[in-house]
Protein chains: 2
Amino acid sequence: MGYRSIVARPRTFDEQDVIDRAMELFWTRGYETTSITDLTSALGVHPGTLYRTFGDKHALFLRALARYRERLADDFGPSLAEGGPVLPRIRAVLIGWIDLAAQEEQPRGCLIANTAGEVLPGDDEVASSVRCVFSVVEDGFLQGLRAAARQGEISAAVDLPAAAAMLTMLLEGLQVIVKADPDPRRLVSAVDTALLSLASVRG
Amino acid sequence: MGYRSIVARPRTFDEQDVIDRAMELFWTRGYETTSITDLTSALGVHPGTLYRTFGDKHALFLRALARYRERLADDFGPSLAEGGPVLPRIRAVLIGWIDLAAQEEQPRGCLIANTAGEVLPGDDEVASSVRCVFSVVEDGFLQGLRAAARQGEISAAVDLPAAAAMLTMLLEGLQVIVKADPDPRRLVSAVDTALLSLASVRG
DNA sequence: CCAGTTGTTGAGCGCGCGTTCTCAAATGAG
DNA sequence: CTCATTTGAGAACGCGCGCTCAACAACTGG
């Protein structure tokens, strides 16, 4: 017993790649409506392999959520707070989601917003994963707003954490509405109104 | 053929009542995860009766969505635009949803937001129903904002339709986030920040 | 009463779900 | 080569799903 010195048959698939594609499927079709058959045929991985590697459908879904969080963290990481005007970069992030939905035939919205709607009741693991993603987004906004306040883009009278929460709500609400009505113009002007009024607060 | 002059056995249930309770179930548990068995046992209506009366599960769900729209229309109807300060009433509507979620053990959020997340891809009937509810909410906000502008609560420089869309996003985003993190304080201050900054725009 | 129409009942249909099992294939150590 | 070990492949499991159906109950006009 001991050191697993003996090597076995090598895998023919890349685990990270499978998670990425599973994430895409869950994102597009939702959790309940994505069946194991859908996954195995789209991923080129047989049921037995999938279950041996990931446990079950729910565990694979959690991996997909974690992967999505990584991606979001790239968008909402240091980039928002770096040098130069911040509000235009916050705007660009929000508008980017609108554009993405507009150029998709079937807007997928946000995996986390979709998940919050569909799967949450009683599922604590998914709930905490969703909460975690929200806090990543909110922290990103907060970093950006702090930089904006430092540079005088917004007034020192603004409650920055509250404003970050507001932007998070705005983003997620945007993701919900864009699924039903991807017409970009109203959405863009709504985002502009929010940012403009935020910038118009005076202390 | 002919006039249905002969009267048959009367129903033992109230159709509207069944729809109301189906709406509650779909709201709490979602569409896919609410089975016909769940419905029949909670509604006290047997499968055959349910199918004879409503068609199928999907049709019953559409009825439930329509019922939800009726309820929302009551909240967002004339009340928002009637006399007196409007912004506090808009605030009360938003805060009301936060309070509702906070006092529920399992926050249900908004049936429409949940539906948009779960069921939309490829379901045109549900999509248009969801869109319809959004426009009810947005129109309600717009009526209120027009009254607010008339009374000087907000500047004439504000793009009212855009602001109404923004409030709709804010509400739906709120509903998404409250499902994962029902802590009311951050949400309330975020709402206040949004309304306060909207009121601080100067023309 | 009967005739005619509709509502109720609950067993039961086929299907696809998430999941498991078995067996052959592939690898490197000894 | 043999052996231990892991992976690939895919048939098969039981279950619960959405849904249907045939027999029976309730009702009123004639």
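Side chains are part of it too, since the values below use all heavy atoms of this structure and drop only hydrogens, waters and symmetry mates. Protein chains get the first letters and strands the later ones, always in sequence-line order, with residue 1 at the start of each.
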Between the protein and nucleotides 13-15 of chain D, list every N/O to N/O distance that falls short of 3.5 Å.
none

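Among residues two or more places apart in sequence or in another chain, the side chain to side chain donor-acceptor pair (under 3.5 Å) test is passed with B:D20 by B:R67. Taking the side chain to side chain donor-acceptor pair (under 3.5 Å) definition, one finds that B:E138 meets it with A:R186, sequence neighbours left out. Among residues two or more places apart in sequence or in another chain, the side chain to side chain donor-acceptor pair (under 3.5 Å) test is passed with B:E15 by B:R11, B:R63. Looking at residues two or more places apart in sequence or on another chain, you find a ring-ring contact (aromatic ring centres under 6.0 Å, His included) between A:F76 and A:F141. B:W27 meets the ring-ring contact (aromatic ring centres under 6.0 Å, His included) test with B:Y68; sequence neighbours excluded. Take B:E24 and apply the salt bridge (Lys or Arg N to Asp or Glu O under 4.0 Å) test, not counting sequence neighbours, and it matches B:R71, B:R108.
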For residues 158-179 of chain A, tabulate all N or O donor-acceptor pairs below 3.5 Å that involve a side-chain atom, not counting sequence neighbours.
unit_1, atom_1, unit_2, atom_2, d
A:D159, OD1, A:A162, N, 3.3
A:T168, OG1, A:A164, O, 2.9
A:K179, NZ, B:A116, O, 3.0
A:K179, NZ, B:G117, O, 3.3

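Using a 4.0 Å cutoff on non-hydrogen atoms, the parts of residues 47-64 of chain B near DNA chain C are B:G48, B:T49, B:R52, ordered by number. Within residues 21-42 of chain B, no residue has any heavy atom under 4.0 Å from DNA chain C.
At a cut-off of 3.5 angstrom, the base of D:dT7 holds at least one donor-acceptor pair with the side chain of A:R9.
Here side-chain hydrogen bond (donor to acceptor under 3.5 Å, both in side chains) pairs that include residues 117-137 of chain A, with residues two or more places apart or in two chains, are A:H58-A:D123. Residues in residues 45-57 of chain A take part in no salt bridge (charged side-chain N to carboxylate O under 4.0 Å, His left out) pair, two or more places apart or across chains.
When atom types are taken as modelled, the side chain of A:E153 and the backbone of A:L87 share a donor-acceptor pair closer than 3.5 angstrom.
The side chain of B:H46 places an N or O atom within less than 4.0 Å of a non-bridging phosphate oxygen (OP1 or OP2) of C:dG10.
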